[in-house]
Q: 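Submitted below is the structure of interest, expressed as structure tokens.
So you know, we letter chains A, B, ... as the sequences are listed, proteins then strands, and number each from 1.
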There are 2 protein chains.
Amino acid sequence: MNYDREFLTGTVGLLILSLLSERAMYGYEILQEAERRSASQFQMKEGTIYPALHQMERAGWLKADWRESKSGRARRYYALTAKGRRQATSKKRQWVALSVAVRAILGGAHG
Amino acid sequence: MNYDREFLTGTVGLLILSLLSERAMYGYEILQEAERRSASQFQMKEGTIYPALHQMERAGWLKADWRESKSGRARRYYALTAKGRRQATSKKRQWVALSVAVRAILGGAHG
DNA sequence: ATGATTACCTTGTCTGCCAAGGTATAGTAC
DNA sequence: GTACTATACCTTGGCAGACAAGGTAATCAT
């Protein structure tokens with residue numbers, strides 16, 4: 001297996017796809033959820049996430065629709081398509097393989 | 001702790017520093033060693049590693065010297081400086097934290 | 001001699017991430 | 001009522017990392 005070049009840099013894509021594979025979310029919610037679950041290790045920026053979502057939508061991984069919240073504020077919810085689900089699975093697998101490979105090298109280096 | 005932006009993309013830097021924290025190596029050797037230990041998962045390219053080594057040298061993380069191999073071929077060996085050793089430790093720690101955080105998010109997503 | 005491998009290097013391109021800025025609404029504090 | 005904060009969306013521009021592609025030159029095997 002070869003890592004996409006994109007993947008080596010693309011932790012953000014992995015996170016988005018992973019979160020959306022649980023349920024549909026809107027952009028701002030993804031930011032907060034990632035921060036919460038990682039104990040604030042991840043602090044993705046809006047300038048990172050919105051363009052990423054748009055790009056994934058164009059690529060056919062996501063499907064978006066506007067929903068009104070109770071307060072009347074409009075939110076754009078994103079859900080995985082079938083293609084997106086395959087991407088999510090693939091990226092997770094790649095990440096696991098990557099982390100195993102990194103550990104194989106760090107491990108040699110003292111421990 | 002916050003990840004350097006650089007780190008999120010910079011697996012290559014981590015690998016180089018880790019390998020050099022074991023012993024001095026020359027560029028080409030690093031490529032091969034990374035590939036060998038990762039069971040060919042990593043196939044770093046020369047266009048990646050040489051500029052990276054030069055940059056780390058400029059940053060004062062590495063010290064380089066030319067050595068002749070038995071065959072008479074010249075090789076440029078790189079060794080960590082004290083500063084480089086601190087960097088290596090820091091980057092390893094960051095990587096471990098990153099992988100924990102990613103797993104915290106992937107974990108929620110079905111498993 | 002021809003090609004593969006070792007070993008170094010640089011330039012140009014593509015893309016990801018983010019800082020910075022912008023819009024607009026809802027809730028809270030004074 | 002007005003200022004501030006948080007929510008929620010968005011875009012533009014710049015910087016840096018990874019690599020494809022190309023180059024040099026020596027050694028080794030056929």
Q: Are any of A/H54's side-chain N or O atoms less than 4.0 Å away from OP1 or OP2 of D/dT11?
A: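 Answer is yes, contact under 4.0 Å.
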
Q: As a test of reading the structure: which of C/dC18, D/dC9, D/dC19 is closest to the side chain of B/T48, going by heavy atoms?
A: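 That would be D/dC19.
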
Q: Where each residue is assigned the nucleotide of DNA chain D containing its nearest heavy atom, which of B/M44 and A/R76 is assigned the position nearer the 5′ end?
A: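 The residue mapped nearer the 5' terminus is A/R76.
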
Q: Please give, in whole Å, the distance from C/dC8 C1' to B/R67 CZ?
A: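 After rounding, the gap between these two atoms is 16 Å.
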
Q: Rounded to whole angstrom units, what separation is found between the CG atom of A/D65 and the P atom of D/dC9?
A: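 So the two atoms are 12 Å apart, to the nearest Å.
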
Q: Examine C/dA19: is either OP1 or OP2 under 4.0 Å from a nitrogen or oxygen in the side chain of A/K45? Give yes or no.
A: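 Yes, A/K45 has a side-chain N/O under 4.0 Å of OP1/OP2 on C/dA19.
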
Q: Just how far, in rounded Å, is P of D/dT7 from CE of A/M25?
A: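 Rounded to the whole Å, the gap is 16 Å.
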
Q: Using a 4.0 Å heavy-atom cut-off across all strands, classify A/E29 as base, sugar-phosphate, or nothing.
A: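 Touches nothing.
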
Q: What about B/E46: does its side chain form a donor-acceptor pair under 3.5 Å with the base of D/dC19?
A: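 When only heavy-atom distances are counted, B/E46 does not reach the base of D/dC19 through any donor-acceptor pair under 3.5 Å.
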
Q: So which nucleotide from D/dT11, D/dA8, C/dT10 ends up closest to the side chain of B/P51?
A: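 Nearest to the side chain of B/P51 among the choices is C/dT10.
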
Q: Rounded to whole angstrom units, what separation is found between the CZ atom of A/F42 and the P atom of C/dC17?
A: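 These atoms are roughly 11 Å apart.
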
Q: Apply salt bridge (Lys or Arg N to Asp or Glu O under 4.0 Å) to the pair A/D65 and A/R67, showing each step before the final yes or no.
A: CA-CA 6 Å; A/D65 63 307; A/R67 298 182 204 168; 3.1 Å; yes

Q: Decide side chain to side chain contact (heavy atoms under 4.5 Å, CB included) for A/K92 and A/S21; before the verdict, give the C-alpha distance in whole Å, the side-chain angles of both, and the deciding distance to 0.1 Å.
A: CA-CA 11 Å; A/K92 285 184 212 171; A/S21 69; 3.5 Å; yes

Q: Taking only side-chain N and O atoms of A/Q55, does any of them lie within less than 4.0 angstrom of OP1 or OP2 on C/dT15?
A: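 It does not, given that no N or O in the side chain of A/Q55 lies less than 4.0 Å from OP1 or OP2 of C/dT15.
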
Q: Which one of A/L17, A/L80, A/L20 satisfies the side-chain contact (heavy atoms from CB on, under 4.5 Å) criterion with A/R85?
A: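 Single side-chain contact (heavy atoms from CB on, under 4.5 Å) partner of A/R85 among A/L17, A/L80, A/L20: A/L80.
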
Q: Taking the side chain of A/Y26 as its heavy atoms from C-beta onward, which of D/dC9, C/dC8, D/dT7 lies nearest to it?
A: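 Taking heavy atoms from C-beta onward, the closest nucleotide is D/dC9.
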
Q: Picking from C/dT6, D/dT11, D/dC19, which would you name as closest to the side chain of B/Y28?
A: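 Nucleotide nearest to B/Y28's side chain: C/dT6.
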
Q: Rounded to whole angstrom units, what separation is found between the CG atom of A/L53 and the P atom of D/dC10?
A: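 It works out to 8 Å between those atoms.
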
Q: Return the orientation label for the B/Y77 and B/Y26 ring planes: parallel under 30°, perpendicular over 60°, tilted otherwise.
A: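 If you compare the ring of B/Y77 with that of B/Y26, the planes turn out perpendicular.
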
Q: On DNA chain C, nearest-nucleotide positions of B/Y78 versus B/Q32: which is more 5'?
A: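 So the residue in question is B/Q32.
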
Q: Rounding to a whole Å, what distance do you find between A/L15:CG and C/dG16:P?
A: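 Those two atoms, CG and P, are 15 Å apart.
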
Q: Without swapping roles, check the side chain of B/S90 against the backbone of B/R86 for a donor-acceptor pair under 3.5 Å.
A: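 Absent.
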
Q: Using the side-chain heavy atoms of B/V12, tell me which of these nucleotides is nearest: C/dC9, C/dT6, D/dA18.
A: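 Selected nucleotide: D/dA18.
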
Q: Answer yes or no: does a side-chain N or O of A/R73 lie under 4.0 Å from OP1 or OP2 of D/dA8?
A: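 A/R73 to D/dA8 OP1/OP2: side-chain N or O found under 4.0 Å.
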
Q: Between P on D/dC10 and CG on A/L31, what's the gap in Å once rounded to a whole number?
A: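 In whole Å, D/dC10 P and A/L31 CG are 12 Å from each other.
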
Q: Could you tell me whether the side chains of A/R93 and A/T89 share a donor-acceptor contact shorter than 3.5 Å?
A: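 There is no such pair (donor and acceptor under 3.5 Å, judged by atom type) between the side chains of A/R93 and A/T89.
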
Q: D/dC10 phosphate, OP1 or OP2: any side-chain N/O from A/Y50 under 4.0 angstrom?
A: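 No, outside the criterion.
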
Q: What is the distance, rounded to the nearest whole Å, between atom CD of B/E35 and atom P of D/dC19?
A: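 In whole Å, D/dC19 P and B/E35 CD are 13 Å from each other.
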
